[in-house]
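We use all heavy atoms of the structure for the numbers below, so side chains are in, but hydrogens, waters and symmetry mates are not. Letters A, B, ... are given to chains in the order of the sequence lines, protein chains preceding strands, and every chain is numbered from 1.
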There are 2 protein chains.
Amino acid sequence: MNDQHRNGQNEAAAGGRPTLKTIAFMTGLGVTTVSRALKDAPDIGEETKKRVQLVARQVGYRPNRAGVRLRTGKTNVISLVLNTDEQLMGFISDIIYGVSEELASSSYHLILTPYSSRNDPMDPIRYVVETHSADGIIISQTEPNDPRVRYLTEHGFPFATHGRTHTGIEHPWHDFDNHAFAMQAVRALVAKGRRRLALLAPSPKLTYYRHMSDGFAEGVEEQGCAAIPFRDAWVDMPVEQIKAAATALLRRSTPPDGLVSGSGAGAFALVAAIEECGLQLGRDIDIVTKQSTPLVQMFRPQILVVNEDFRLAGRELARAVRASIDGTAPASLQTLAVPGGVEIQTA
Amino acid sequence: MNDQHRNGQNEAAAGGRPTLKTIAFMTGLGVTTVSRALKDAPDIGEETKKRVQLVARQVGYRPNRAGVRLRTGKTNVISLVLNTDEQLMGFISDIIYGVSEELASSSYHLILTPYSSRNDPMDPIRYVVETHSADGIIISQTEPNDPRVRYLTEHGFPFATHGRTHTGIEHPWHDFDNHAFAMQAVRALVAKGRRRLALLAPSPKLTYYRHMSDGFAEGVEEQGCAAIPFRDAWVDMPVEQIKAAATALLRRSTPPDGLVSGSGAGAFALVAAIEECGLQLGRDIDIVTKQSTPLVQMFRPQILVVNEDFRLAGRELARAVRASIDGTAPASLQTLAVPGGVEIQTA
DNA sequence: AATGGAAACTGTAACGTTACAGTTTTTGAG
DNA sequence: CTCAAAAACTGTAACGTTACAGTTTCCATT
């Protein structure tokens with residue numbers, strides 16, 4: 001048995017990846033001491049710490065994640081839960097990049113947990129919690145009364161949502177101020193002389209539908225202009241359908257002369273519809289749209305844009321879950337991105 | 001000691017997540033037997049297997065990943081290595097979704113390993129291999145003489161690349177036939193009466209630059225038309241820069257009358273440049289572009305498109321790494337997506 | 001009745017880590 | 001010089017799994 005022990009030490013020192021045992025053998029210390037020295041524990045001598053840390057760096061020691069995870073239960077993983085049905089949700093990659101950026105300097109890995117609308121959105125959440133396959137979860141497509149938020153809160157599982165809820169639960173979130181966006185949009189259109197405005201809103205089941213609709217209504221009220229209902233299209237529909245609905249809207253007896261688009265992709269559909277109806281952007285009608293990449297704007301300089309930074313959203317969400325895992329109170333992990341105002345291209 | 005053992009069993013049976021010990025306690029069998037019964041080992045009785053599997057299902061047993069990983073070294077993770085500097089690389093999300101789709105029915109989790117061009121692209125690869133944080137790697141942005149492919153092959157680490165290499169190494173890959181795409185594009189433009197063609201190609205450092213350029217050259221040769229060099233812009237530049245370069249190209253004394261775009265985003269820049277120059281798409285000039293979402297086409301129906309399915313790419317890549325992990329020979333894990341031909345919108 | 005062997009099952013140890021409960025050494029107060 | 005206590009360090013066990021080397025049971029053969 002003693003023999004096996006020594007054998008083990010030799011093996012560790014010789015081949016493969018260094019472990020605590022390797023460093024213990026090299027420094028002549030016990031495995032426990034090495035472990036504690038590397039975490040800067042108070043009951044280890046200063047010189048010993050220095051020595052251990054030096055050797056660890058020299059041999060390129062990296063803690064074995066499986067070992068840590070098995071012993072402590074900490075996975076060092078954050079799960080981003082995504083609906084993979086979405087078409088052309090190009091901004092998702094920006095959120096992912098933002099999250100990655102923020103996690104790069106930490107010990108966390110980013111894992112993607114996909115789900116399809118064909119299944120219960122709760123499935124991936126339950127899976128992560130039940131198998132404890134991550135230390136925290138990031139949720140997108142947040143709904144006003146999101147059951148995932150309830151479930152995670154009840155289970156005391158750290159998470160952050162992209163978008164707020166109306167659950168009355170204090171939880172970590174990051175959101176873009178869509179209320180302010182819509183108001184800014186209405187004001188900009190009115191400043192351009194537009195009086196009959198329509199909004200291409202998000203899907204009514206998502207929280208930010210309310211925010212944007214309310215902001216729009218409030219803007220219209222404030223500016224004393226008319227709101228033309230545009231209820232048969234949402235930003236997350238296929239663009240062809242949006243275009244068709246917008247074309248129908250523009251051919252009504254009292255068409256809008258100002259449009260607000262809740263997404264960059266939606267703006268393409270609106271522009272296409274406008275031009276198909278023989279109207280000219282900037283002369284007959286104006287659009288204010290959110291954009292995350294400068295595609296639309298480069299294409300039709302007349303379009304008015306408000307930038308939404310999804311990388312920032314990703315970073316903020318990652319920061320929030322991380323802090324939540326570390327025990328920070330939810331109330332202080334809520335951030336709202338304020339739109340920078342309507343941009344007019346001066347080309 | 002015996003006491004502690006029994007205590008352990010009780011705890012397992014009572015609270016928390018079920019383990020092999022829980023099932024062993026419930027069935028009255030040994031932990032080893034349960035483990036082997038669940039993997040359908042030949043030396044376990046049929047009735048016992050049934051019984052164990054029934055109980056396992058009843059209690060919702062899921063093997064603890066950390067335990068398996070620590071014992072066997074198998075991580076059940078596949079790493080997708082991504083360059084996070086890319087702007088508007090919207091198709092990345094489709095690749096991710098494709099990979100997710102394919103992995104959903106397996107035991108694999110998808111982990112994202114990001115890197116920035118500011119660092120060595122080898123860093124994330126070395127990290128994954130050295131810490132064995134995944135069982136396989138998926139690489140994008142493949143280069144002709146990609147050092148990552150060499151490194152992974154030398155280390156016998158399973159991987160698959162999006163795009164081929166010219167390393168002479170037989171490795172798993174999935175690629176879109178950009179040679180065929182470019183030839184189809186040239187033929188379609190010539191069929192429209194265009195004779196002076198220019199290509200907006202990928203970055204010269206990527207493998208598919210050669211494929212597309214060669215296909216374009218071959219098409220031009222075959223059709224006996226002229227190739228106008230367009231060497232100061234690549235598809236992965238910011239769209240504004242592409243637009244500027246394209247505008248300059250169109251204002252030369254001998255401008256092209258047919259354009260081929262290697263990416264959907266590039267097509268927007270080309271259309272913008274064309275219209276800024278007062279030209280009309282379909283009358284003065286034509287474009288053939290790759291597209292992955294129907295944005296451009298809906299917008300300018302005159303544009304000619306060839307569809308590239310990135311979800312398919314993701315699925316194929318996931319299948320390839322998976323098979324590679326299972327020991328399948330690389331030569332049989334190479335798939336080429338053939339472009340479906342140039343589509344003309346008949347609206 | 002003895003024996004060989006197949007079938008079915010099990011205990012032990014180990015993967016790498018850390019919590020816990022020590023043990024040894026040093027220091028300082030009396 | 002004694003002794004208490006602080007400082008520095010260590011061994012053991014356990015997290016959940018599986019490879020390996022048994023052990024027991026039972027049946028067919030001689």
Side-chain angles (χ1 to χ4, degrees), chain A residues 1-5 7-9 11-13 15-25 27-52 56 61-76 107 131-133, chain B residues 1-9 11-13 15-25 27-52 56 59 61-76 107 131-133:
Chain A
M1 204 177 218
N2 203 351
D3 205 49
Q4 282 196 355
H5 244 213
N7 193 10
Q9 285 179 343
E11 273 182 61
R17 202 174 142 195
T19 69
L20 290 180
K21 208 192 263 178
T22 318
I23 301 176
F25 181 69
T27 54
L29 295 162
V31 172
T32 303
T33 310
V34 174
S35 174
R36 312 220 69 219
L38 288 174
K39 350 188 92 56
D40 206 35
D43 64 345
I44 305 294
E46 283 308 320
E47 207 215 284
T48 305
K49 282 182 195 171
K50 290 247 161 60
R51 210 152 57 87
V52 169
Y61 171 75
R62 302 234 182 210
N64 179 309
R65 297 188 145 240
V68 175
R69 181 165 169 179
L70 183 57
R71 179 66 240 244
T72 65
K74 170 129 191 172
T75 62
N76 280 296
S107 65
T131 66
H132 196 94
S133 60
Chain B
M1 203 174 220
N2 203 350
D3 206 49
Q4 283 196 354
H5 244 214
R6 195 155 286 150
N7 194 10
Q9 284 181 343
E11 273 182 61
R17 200 175 143 195
T19 70
L20 290 180
K21 206 193 265 179
T22 318
I23 301 176
F25 181 69
T27 54
L29 295 162
V31 173
T32 303
T33 311
V34 174
S35 174
R36 313 219 69 220
L38 288 173
K39 345 190 95 55
D40 206 35
D43 65 345
I44 305 293
E46 283 309 319
E47 207 215 284
T48 306
K49 281 183 195 171
K50 290 247 160 61
R51 209 153 57 87
V52 170
V59 301
Y61 170 75
R62 302 235 184 208
N64 179 309
R65 297 188 147 240
V68 175
R69 181 166 170 178
L70 183 58
R71 179 66 240 243
T72 65
K74 169 128 192 173
T75 61
N76 281 298
S107 65
T131 66
H132 196 94
S133 61

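- Distance NZ (A/Lys39) to C1' (C/dG16): 11 Å, rounded to an integer number of Å.
- Rounding to whole angstrom units, CG of residue B/Asn64 and C1' of C/dT17 are separated by 14 Å.
- Residues satisfying the side-chain contact (heavy atoms from CB on, under 4.5 Å) test with B/Arg71, not counting sequence neighbours, are none.
- In this structure, B/Arg17 contributes its side chain and B/Arg62 its backbone to a donor-acceptor pair below 3.5 Å.
- Taking the salt bridge (charged side-chain N to carboxylate O under 4.0 Å, His left out) definition, one finds that B/Glu47 meets it with nothing, sequence neighbours left out.
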Could you pull out all donor-acceptor pairs under 3.5 Å where a side-chain atom in residues 30-42 of chain A meets a protein atom, sequence neighbours excluded?
unit_1	atom_1	unit_2	atom_2	d
A/Arg36	NH1	A/Asp43	OD1	2.7
A/Arg36	NH1	A/Asp43	OD2	2.9
A/Asp40	OD1	A/Lys49	NZ	3.3

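- If you take CZ of B/Arg69 and P of C/dT17, they are 12 Å apart, rounded to a whole angstrom.
- You'll find a donor-acceptor pair under 3.5 Å spanning the side chain of A/Arg71 and the base of C/dT18, going by distance alone.
- At whole-Å resolution of the value, CG in B/Asp40 and P in D/dT18 are 14 Å apart.
- Taking the salt bridge (charged side-chain N to carboxylate O under 4.0 Å, His left out) definition, one finds that B/Arg51 meets it with nothing, sequence neighbours left out.
- The distance between atom CG of B/Leu70 and atom P of D/dC15, rounded to the nearest whole Å, is 13 Å.
- The closest side-chain heavy-atom distance from B/Val59 to B/Thr22 is not below 4.5 Å.
- By the salt bridge (charged side-chain N to carboxylate O under 4.0 Å, His left out) test, B/Arg65 is found to be paired with no residue, residues two or more places apart in sequence or in another chain being considered.
- At least one side-chain heavy atom of B/Ile23 sits under 4.5 Å from a side-chain heavy atom of B/Val52.
- The separation between B/Leu20 atom CG and D/dC15 atom C1' is 13 Å, rounded to whole Å.
- Closest to the side chain of B/Thr19, from the set D/dG16, C/dG16, D/dT18, is D/dG16.
- The side chain of B/Lys21 has D/dC15 as its nearest neighbour among C/dG16, C/dT18, D/dC15.
- Remark: B/Lys74 pairs with B/Thr72, B/Asn76, B/Tyr108, B/Asp135, B/Ile325 by the side-chain contact (heavy atoms from CB on, under 4.5 Å) rule, at least two apart or across chains.
- As a whole-Å value, the separation of A/His132 NE2 from D/dC15 C1' is 13 Å.
- The CZ atom of A/Arg65 sits 23 Å away from the P atom of D/dC15 (whole-angstrom rounding).
- Across the helix from C/dA1-D/dT30 to C/dG30-D/dC1, the helix axis at one end is tilted relative to the axis at the other end by 60° (nearest 10 degrees, each axis from five pairs).
- Between A/Ser35 and C/dT17 there is no side-chain polar atom (N or O) within less than 4.0 angstrom of OP1 or OP2.
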What's touching nucleotides 7-11 of chain D from the protein side, N or O pairs under 3.5 Å?
unit_1	atom_1	unit_2	atom_2	d
D/dC9	OP1	A/Thr48	OG1	2.7
D/dC9	OP2	A/Gly45	N	2.8
D/dC9	OP2	A/Thr48	OG1	3.0
D/dC9	N4	A/Asp43	OD2	3.2
D/dT10	OP2	A/Gly30	N	2.8
D/dT10	OP2	A/Thr33	OG1	2.4
D/dG11	N7	A/Thr32	OG1	3.2
D/dG11	O6	A/Thr32	OG1	2.8

